[in-house]
Amino acid sequence: MTDDLDAGEQTVPRSFSRLDMAFASFLSQRTRFDPLQKQAFEAIGMMASYEQNQGHSCIKIDDNARALLLASGLVAATPDNQSKPLPLVIEQDRLYLHRYWNYENQLAMQVKAMIQAEHPAEQLGAMLDRYFEASEETDDQREAAKMAVQQSFCIITGGPGTGKTFTVVKILALLQELAEHPLHIALAAPTGKAAMRLQESIGFSKAKLPCSETIKNRIPETVTTLHRLLGAMPPSPYFRHDRNKPLVHDLVVVDEASMVDLALMSKLLDALKPGARLILLGDKDQLASVESGAVLADLAMAETLQNNVYILNKSHRFGGAIKELAEAVNLQRDQVAWQVLSGGGDSAVQCLNEDLIDYVAAQQADYLQLIKADAEFDKVFQAFSRFQVLCSNRQGKNSVADINYRVEQKLAEQKRIDLSGLWYPGRPVMVTQNNPSLNLYNGDIGICMQDGFSAGKLMVYFQRPDGSVKKYLPARVPPCETVFAMTIHKSQGSEFEEVLIVLPEAINPVLTKELLYTAITRAKKTIKLVAEEAVFAETVRQKIERVTGLVDKFKI
């Protein structure tokens with residue numbers, strides 16, 4: 001929402017939910033307003049609830065709305081002085097639900113406190129020379145490490161292949177060498193997929209470190225999800241670890257931090273023990289979190305944090321047309337981006353000229369053949385994960401639901417799968433609801449296969465973040481959906497050799513340059529696109545504009 005909300009505005013978007021309306025009605029019933037005032041007040045309350053569910057942490061209001069809100073007796077203009085919290089908070093020209101004002105305010109206070117602590121290190125230059133050979137290839141990584149070693153709070157951001165993980169492993173080694181006692185380090189990511197990728201990268205990078213085995217052994221390889229690190233207690237929104245029971249770790253590293261929402265980031269900082277360090281890794285240009293806030297992007301642009309933020313610009317893995325396409329989309333140069341796709345200059349990036357469903361079905365041949373040959377799950381999962389269809393929308397033409405249904409039907413016609421039942425050998429599924437007791441979480445991907453120990457018995461196999469494999473009876477698997485195609489949001493934290501990006505036939509609010517950039521940067525080798533030029537161009541031109549007050553809280 002970009003326009004200030006007028007107190008007299010009475011247009012109610014059709015997308016307002018029953019919860020939005022119930023919330024606004026609940027509040028208005030506790031005012032002494034006349035019917036017209038209540039109607040105006042409810043319109044503001046519904047908008048605040050609705051926009052929070054759209055990812056904004058607050059809404060902008062004008063002077064008329066401000067006066068009406070303050071007259072309600074339900075809004076705090078100076079919340080720090082309130083003995084009893086009120087449900088709504090006004091700060092400058094922004095209206096918050098009290099909980100989200102508190103998250104944002106606490107996060108800003110916590111970060112400000114952390115940046116006051118600096119850690120000057122003697123002989124750091126010589127140590128950096130050992131870890132980073134002098135070259136243009138590693139200059140920016142060296143500077144990022146120099147910053148991180150001397151700060152309690154830092155952000156290292158950059159696009160794919162810029163060496164964020166490679167750099168942070170060296171930072172961990174430097175910190176362990178400099179520490180009087182071994183540091184207790186936690187490595188975390190927002191999702192199981194992201195945790196698995198970080199774990200693989202840490203293990204690979206650690207072996208190459210120019211340090212003793214003792215130091216290498218002090219760098220953990222196990223990566224957990226943030227919810228597990230903090231000790232989630234579903235179905236409540238609370239965690240076992242908070243300021244009263246902080247984490248024991250001296251340093252916490254969080255990868256894919258762009259996916260972390262305002263509430264979770266605030267709770268993470270709240271759970272750090274006094275004197276602990278925090279390193280956030282991520283790509284600030286990717287999609288913001290599904291829930292409220294754009295924390296990584298906001299923190300990266302905050303005035304007083306510029307000495308705590310380093311942007312890695314040189315990609316060591318991505319080049320050629322994929323890099324060119326990602327940069328053009330990120331800079332919103334729609335004509336340049338379309339020329340990269342349609343020019344035919346590089347086969348790594350092109351529009352799909354074949355039938356969509358025939359092409360997707362053909363890409364499943366390898367892993368389905370391995371299943372018929374009773375191959376080990378690791379090989380099956382690796383073959384399946386080579387290729388992925390990424391869609392912008394869940395419903396409608398060329399959506400996740402549409403493509404999954406049509407690909408299943410095509411594979412059944414080709415006798416590659418048997419659709420006589422819901423579960424069949426080769427069915428790939430994505431969990432859509434957390435089940436901590438089974439160690440299965442939203443976004444986890446499994447494949448249904450014959451149980452190697454019981455002929456004719458189907459089991460669903462999942463690869464865990466630590467690399468282990470777990471299998472479950474289909475009846476025990478939490479709610480899930482077939483995943484020949486997934487949304488771009490769900491693909492965050494993953495990488496695939498080939499990505500097929502499918503956009504709908506008409507523009508919609510979901511389509512933004514951040515969404516497209518995120519999809520492009522999931523591909524390691526090849527990108528194919530299904531989209532009309534007009535829809536593609538408008539997608540590149542649309543940008544996510546989340547309303548928050550976090551950046552303002554760091555202004556000098």
Side-chain angles (χ1 to χ4, degrees), residues 350-377 379-432 444-452 455-462 471-475 477 479-488 490-491 494 496-506 519 522-523 526-532 535:
Q350 56 187 244
C351 293
L352 182 68
N353 295 316
E354 307 170 45
D355 178 80
L356 169 61
I357 301 304
D358 286 344
Y359 183 80
V360 176
Q363 302 309 305
Q364 317 306 321
D366 289 346
Y367 98 90
L368 289 174
Q369 185 60 42
L370 286 169
I371 287 177
K372 287 186 178 179
D374 294 325
E376 294 294 323
F377 172 74
K379 291 182 179 180
V380 173
F381 191 72
Q382 184 178 8
F384 174 77
S385 301
R386 181 196 65 80
F387 168 84
Q388 186 61 57
V389 182
L390 303 181
C391 303
S392 58
N393 293 76
R394 292 186 53 80
Q395 301 293 331
K397 181 71 178 296
N398 285 353
S399 68
V400 167
D402 177 48
I403 292 174
N404 279 326
Y405 174 77
R406 289 197 284 157
V407 169
E408 268 194 330
Q409 297 302 311
K410 175 63 70 173
L411 291 173
E413 288 175 16
Q414 296 172 345
K415 309 298 183 185
R416 295 185 185 182
I417 62 173
D418 180 3
L419 283 182
S420 58
L422 174 64
W423 292 97
Y424 54 84
R427 184 190 178 196
V429 294
M430 175 183 283
V431 174
T432 58
D444 286 351
I445 292 177
I447 298 177
C448 184
M449 297 171 54
Q450 296 281 358
D451 185 4
K457 183 179 180 182
L458 293 178
M459 300 292 286
V460 187
Y461 291 75
F462 291 85
K471 61 181 181 179
Y472 304 85
L473 287 168
V477 175
C480 60
E481 57 190 27
T482 303
V483 69
F484 292 112
M486 69 173 67
T487 62
I488 297 169
K490 290 287 189 182
S491 75
S494 300
F496 311 95
E497 288 187 21
E498 179 181 342
V499 162
L500 175 61
I501 303 170
V502 183
L503 302 184
E505 295 178 334
R522 299 310 91 205
T526 308
I527 293 172
K528 287 185 170 61
L529 176 81
V530 175
E532 296 295 329
V535 173

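As the structure is a computational prediction, the values presented were derived from the model and not from experiment.
- What you find for Gln414 and Ala361 is that their closest heavy atoms are OE1-CB, 4.2 Å.
- When all heavy atoms of Leu458 and Leu473 are compared, the pair lying nearest together is O-CD2, 4.2 Å.
- For Asp418, the salt bridge (Lys or Arg N to Asp or Glu O under 4.0 Å) criterion is met by no residue, not counting sequence neighbours.
- Interatomic distance, CG of Leu370 versus CE of Met449, reported as 8.5 Å (0.5 Å rounding).
- Contact annotation: the side chain of Leu356 approaches that of Arg406 to within less than 4.5 Å [non-hydrogen atoms, C-beta and beyond].
- Residues Phe387 and Leu500 are in side-chain contact: their nearest non-hydrogen atoms beyond the backbone lie under 4.5 Å apart.
- For the atom pair CG (Asn398) and CG (Leu503), the distance works out to 9.0 Å, reported to the nearest 0.5 Å.
- The neighbour count for Glu532 CD, taken as heavy atoms of other residues, nucleotides or ligands under 6.0 Å away, does not exceed 12.
- For the pair Leu368 and Leu411, the minimum side-chain heavy-atom distance is below 4.5 Å.
- Of all non-hydrogen atoms in Ser491 and Ile488, the two that sit nearest each other are OG-O, 2.7 Å.
- The aromatic rings of Phe377 and Tyr461 sit parallel, their planes meeting at an angle under 30°, below the 60° perpendicular limit.
- Qualifying side-chain hydrogen bond (donor to acceptor under 3.5 Å, both in side chains) partners for Lys372, counting only residues two or more places apart in sequence or in other chains: none.
- In this structure, a donor-acceptor pair under 3.5 Å is absent between the side chains of Arg522 and Ser494.
- Atom OG of Ser385 is separated from atom CD1 of Ile445 by 6.5 Å, given to the nearest 0.5 angstrom.
- Atom CD of Gln382 sits in a sparse spot, with 12 or fewer heavy atoms from other residues, nucleotides or ligands closer than 6.0 Å.
- Atom CD of Glu376 has 12 or fewer heavy atoms from other residues, nucleotides or ligands within 6.0 Å.
- One finds a salt bridge joining Arg394 and Glu481 here, because a Lys/Arg side-chain nitrogen approaches an Asp/Glu carboxylate oxygen to under 4.0 Å.
- Heavy atoms of other residues, nucleotides or ligands lying less than 6.0 angstrom from OH of Tyr359 number more than 12.
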